[in-house]
Amino acid sequence: MVGVAATFDARPDTASKFQANPATRDSSWVRYLIIGVGLTYFALFLLLPLIAVFVEAFRKGAGVYFSALVEPDALSAIRLTLLAAALSVPFNLIFGLAAAWAIAKFQFRGKNFLITLIDLPFSVSPVVAGLIYVLVFGLQGWFGPWLREHDIKIIFAVPGIILATTFVTFPFIARELIPLMQAQGRDEEEAAISLGASGFQTFWRVTIPNIKWALLYGIILCNARAMGEFGAVSVVSGHIRGETNTMPLQVEILYNEYQFAAAFAVASLLALLALVTLVLKTYVEWRAHHHNAIAEE
Amino acid sequence: MSGVNKRVLPGFGLSLGFTLVYLSLIVLIPLSAVFIKTTTMSWHEFLDAVASPRVIASYKLTFGASFLAALINAVFGLLLAWGLTRYPFPGRKIVDALIDLPFALPTAVAGIALTAIYAKNGWVGSLLEPLGIKIAFGPPGVLVALTFIGLPFVVRTVQPVLEDLETEYEEAAASLGATRWQAFQRVVFPTLFPALLTGFALAFARAVGEYGSVIFIAGNIPMVSEITPLIIITKLEQFDYKGATAVASVMLVISFLLLLVINGLQAWTARRTGRAI
């Protein structure tokens with residue numbers, strides 16, 4: 001899967017196993033070299049950019065920082081970002097549950113091909129993801145003349161932003177659920193049905209509790225991408241201030257106007273979102289691991 | 001028997017039907033627009049759009065920088081994955097959690113943050129400036145941005161294989177007189193290789209389509225530091241929809257090919273290590 005290499009999996013602590021065994025223990029200079037080089041690379045590419053966002057945001061002081069966040073255009077960008085995520089995440093949640101149910105619980109031809117098609121949006125450049133909706137709904141596009149006659153705006157308006165966001169986050173939840181539900185099989189659901197539960201009761205009381213951590217994990221990743229998408233949204237937005245700018249687009253506009261402190265102030269909110277996402281993700285991995293450990297006992 | 005066990009659970013028609021309709025409406029039909037639009041162009045028009053010198057220069061930069069960035073990530077990602085699974089060090093858990101930052105941090109934020117650090121007055125850029133090394137606002141800036149966004153892929157594909165690796169193989173190698181380096185080279189590395197290659201391909205595929213993090217740091221000089229996704233945007237802004245679509249169709253075909261390659265690599269890794277990634 002292109003786009004998310006992070007699979008829903010708790011990370012075991014293996015360092016002690018390898019260090020306790022003389023056959024797998026490396027000499028201390030090798031250890032220091034590898035840790036040193038690895039951490040330098042980590043610092044140069046990951047840690048410094050993260051710190052820089054906050055340092056640059058507060059460069060002109062807390063006053064400039066907070067006034068950049070309560071500025072009307074910034075507030076409107078925050079609202080639009082929340083709206084785009086609030087719609088695209090549930091769309092892809094319903095899709096993910098439906099796709100995983102069909103794929104994991106039933107046999108049919110072309111299943112692997114369907115799984116590949118679900119992955120497609122991960123391998124499409126965000127710019128192309130925006131372009132395809134321009135080709136369908138733009139003025140020159142398939143439905144352009146019809147939409148214009150009926151005074152409906154999709155491109156350079158909010159619906160286009162929601163569509164583009166839905167496209168780029170399309171596989172997130174399905175990808176987490178499909179392998180897990182395939183591994184779980186259908187014995188428990190069949191037992192529930194044979195004991196007289198309705199389809200809905202079975203889904204709600206048997207399936208959902210079994211997949212809740214993977215579901216949550218998918219929602220967290222989907223939401224982070226939905227709120228942070230830049231390329232696809234940039235193509236369909238039209239950059240109308242106070243109307244069609246999401247937070248990442250607002251960052252771009254402020255930055256291109258040399259309002260660096262304000263740009264980094266808005267960016268710092270998105271960086272905080274990323275940090276919260278990573279914390280939640282780690283917590284869910286830990287809980288899922290705990291959950292599995294109990295189930296195995 | 002098969003008739004009985006197939007239809008015990010309800011909802012097959014509904015869930016598969018919804019999946020196919022939603023997939024078609026959001027993904028397949030809009031994507032097909034690229035190819036349908038391309039077929040309305042003459043061969044000459046198409047070539048003009050996808051093979052002009054400026055566009056060719058952008059392919060060279062996009063694919064060259066993506067390849068180099070994936071290579072850097074393969075080398076350093078392997079080191080980092082090795083350190084994270086084998087050595088206890090303070091802050092290991094935090095480093096491990098932060099590896100996924102490029103997945104969570106919006107690309108525009110990454111772009112302006114990397115520019116701030118690698119510009120000539122930035123934390124790292126100011127150290128490199130006296131050495132005559134310029135990173136931001138040129139091709140090296142593209143490389144830095146693409147390395148950032150590809151960083152988690154190799155670590156996250158190699159890490160589970162390293163964690164699952166039993167100590168026995170290296171014990172056997174040691175008892176047969178192999179040095180640590182020989183054991184790594186002959187025993188550990190061949191086991192890791194499919195996962196490493198998969199991580200490399202994932203990082204490469206992601207880098208080829210990347211836009212947000214690159215445009216801030218690249219300088220976007222035509223023929224020098226202009227990536228292909230930016231060419232599409234530029235053509236769109238000039239209302240050259242056909243040209244933009246033609247270049248997009250080239251990008252799409254390459255993405256599909258990469259997807260096939262990655263699927264093949266993942267199947268190979270799963271066979272070699274007995275686990276899906």
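Proteins get letters first, then strands, A, B, ... in listed order; numbering begins at 1 in each. Atom set for the values below is all heavy atoms of this structure, side chains included, hydrogens, waters and symmetry mates excluded.
The residue from B/Arg86, B/Glu171, B/Glu168 that alone fulfils the side chain to side chain contact (heavy atoms under 4.5 Å, CB included) condition with A/Thr24 is B/Arg86. Across B/Leu79, B/Leu78, B/Leu80, a single residue satisfies side chain to side chain contact (heavy atoms under 4.5 Å, CB included) together with A/Ile34, and that is B/Leu79.
When side chains are defined from C-beta on, A/Asp26 counts as touching B/Tyr87, because their heavy atoms get closer than 4.5 Å. Residues B/Phe216 and A/Val251 have side chains not in contact (no heavy-atom distance under 4.5 Å, counting atoms from C-beta outward).
No donor-acceptor pair under 3.5 Å is formed between the side chain of B/Ser255 and the backbone N or O of A/Val124. Side chain of A/Tyr133 to backbone of B/Ile26: a donor-acceptor contact under 3.5 angstrom is found.
Nearest heavy atoms, A/Thr282 versus B/Ala97: OG1-CB, 3.7 Å. The two residues B/Ser15 and A/Ala102 have their closest heavy-atom pair at OG-CB, 3.4 Å. The shortest heavy-atom contact between B/Leu162 and A/Phe18 is O-CZ, 3.5 Å. Considering every non-hydrogen atom in both B/Ala248 and A/Leu131, the closest pair reads CB-CD2, 3.2 Å. Scanning all heavy atoms of the two residues, the minimum distance from A/Ala224 to B/Ala104 falls at CB-O, 4.5 Å. Contact detail for A/Ser123 and B/Leu259: the closest heavy-atom pair is OG-CD2, 4.0 Å.
Using a 4.5 Å cut-off between heavy atoms, B/Ser213 makes no contact with chain A at all. For a residue to count as touching a neighbouring chain, one of its non-hydrogen atoms must lie under 4.5 Å from one of that chain's; by this rule B/Val247 does not touch chain A. For A/Leu278, the part lying near chain B is the side chain, with the backbone staying farther off; criterion is any non-hydrogen pair under 4.5 Å.
In this structure, B/Asp100 pairs ionically with A/Lys281, as a charged nitrogen and a carboxylate oxygen lie closer than 4.0 Å.
We find the CZ-CZ distance between B/Phe89 and A/Arg31 to be 12.0 Å, quoted to the nearest 0.5 Å. Within the model, atoms CG of A/Leu44 and OH of B/Tyr118 stand 4.5 Å from one another, a figure rounded to the nearest 0.5 Å.
The choice from A/Thr116, A/Ile103, A/Leu273 that makes the most heavy-atom pairs within less than 4.5 Å of chain B is A/Thr116. For the set B/Pro229, B/Ala174, B/Gly83, the entry with the most heavy-atom pairs within less than 4.5 Å of chain A is B/Pro229. The candidate from A/Val127, A/Val37, A/Val128 with the greatest count of non-hydrogen atom pairs under 4.5 Å with chain B is A/Val127.
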Is there a ring pair (Phe, Tyr, Trp, His ring centres under 6.0 Å) between A/Phe170 and B/Tyr22 once you walk through the steps?
CA-CA 10 Å; A/Phe170 185 88; B/Tyr22 186 78; 5.5 Å; yes
Going through the distances and angles, do B/Phe76 and A/Phe45 end up as a ring pair (Phe, Tyr, Trp, His ring centres under 6.0 Å)?
CA-CA 11 Å; B/Phe76 292 97; A/Phe45 287 101; 8.3 Å; no
